[in-house]
Structure formats: structure tokens, C-alpha cells
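Everything below concerns the one structure shown next.
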Amino acid sequence: GAVVSQHPSWVICKSGTSVKIECRSLDFQATTMFWYRQFPKQSLMLMATSNEGSKATYEQGVEKDKFLINHASLTLSTLTVTSAHPEDSSFYICSARQQNTGELFFGEGSRLTVL
Amino acid sequence: SQQGEEDPQALSIQEGENATMNCSYKTSINNLQWYRQNSGRGLVHLILIRSNEREKHSGRLRVTLDTSKKSSSLLITASRAADTASYFCATDAGSNTGKLIFGQGTTLQVKP
């Protein structure tokens, strides 16, 4: 089946630094990818829709300057958490929509811990 | 809130028993999906039910959908310890973009 890979799977960083998380569709093309954030023992909250070749669409309340999204190719979207703070510590999950079929596939998630 | 509600929030049962989880949502939908998530892991897609379907089965899973009440239920029969996980419903909120709105989730513990 289709696979979506996230990298890194976990990262620890110091407060004030920036962290980049990759979401890659390994065997299909995805014009649209989605980024979700999940705090401990909570559900997934959609952060933004990443569109290949155009600007991301952010959900209400999500700071676009804080969470930079780049969808530079049909198989890769990146989420950069800029000037990370401890409250940004969370589990970040992406999903990719297969271009031909419209099916959705989720990555395994990336756990960010900001010290 | 953009999210629907699920109940119960937590459920603990013995192996062999059935587990029922409910989900309510707020908008019209094209389909509703159920996902499973083991602790600290990604999502596993379980089943999709379209808005014109009322019931769907997959192995030990049975999903119902009542669009008039904007609710769905997931039944896991003959539960196993390996079914221990969090279960989430997700709707497309009537769009066909791939954007999903997740419910709050039910944490299921199956005791051996």
C-alpha cells in the first residue's frame, strides 16, 4: 500500500531554535498534504493544508509565520516550527492525498520536544 | 469547536467482550471514517462509511451511521488485548478536499 514517511520521528531542541519536519509520499504523488498537531491525550487538530506549488492554507488560530509550510514537489511537504518554545512540544502528523485516487494516507508522526 | 464529540472518552473491558464507541459531528458530510492510534504512533485507517450508507462491516468491526442524528458508532466484537488503542472518528465536513475533522477520541483498554 501507499506509504507516507515523516522525518524525523522524534526531535528534541532548545527553546528558540527552528525545527524542520518532512512529510514524504514514497510511492505516489500528492498535490495536497495536511498537517495536524496532537497534544498528549487529545485529538488531532488540523493546522494547515499544504498545496504543491502554492501557499499553504492555515486554519484559524494557527500562526503562519510560526509554522512555515513548503510543498515544493509532488512528494514532499515540510513544516518548520520557527523559534520553538516549550508550548510547541507536540506530536505532528501529516497526511497526503493521492493525486489520482484522492485516497488519504497518514504518516507515522513526528514528536517534537522543546526544552 | 471544529471537532465533534466521542463517547465514552475512556472504556475498559475484558478480553472477549464487545466495545462500542460513539461519535457525533456537527456538519453535513460525504463520508465518515474511523481510525485507530496506538500510543505515540500514527493513524491506522479502519473503515469508511459513506453518507448514503447506514451500516458497514469489516471483520470484527461494525460501523453504523445516522445522518439525521449526525452520529456514528463503532462496534468491536470479541475484543482482544491487541485492540487496546485510541479510536477516532473523522469527517470530511462536506468537502472533497481531503481535509478531515477529528472527534475527541475514545481510549479503549482491553484487559487480558
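In the text below, chain A, chain B and the rest are named by the order of the sequence lines, each starting its count at 1. This structure is a prediction, so every number in the text was calculated from the model and none was measured.
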Polar side chain donor-acceptor pair, A:S110 to A:Q6, under 3.5 angstrom: yes
Proximal component of A:Q38, with respect to chain B [non-hydrogen, under 4.5 Å]: side chain
Heavy-atom pairs under 4.5 Å with chain A, option from B:A90, B:S39, B:G98 with the top count: B:G98
Which atoms of B:Q37 approach chain A - backbone, side chain, both or neither, heavy atom under 4.5 Å: side chain
Test item: A:H71 side-chain N/O and A:A30 main-chain N/O as donor-acceptor pair under 3.5 Å: yes
Qualifying residue for side chain to side chain contact (heavy atoms under 4.5 Å, CB included) with A:N70, from A:L76, A:T78, A:L79: A:T78
Side-chain donor-acceptor contact under 3.5 Å, B:S95 with B:T97: yes
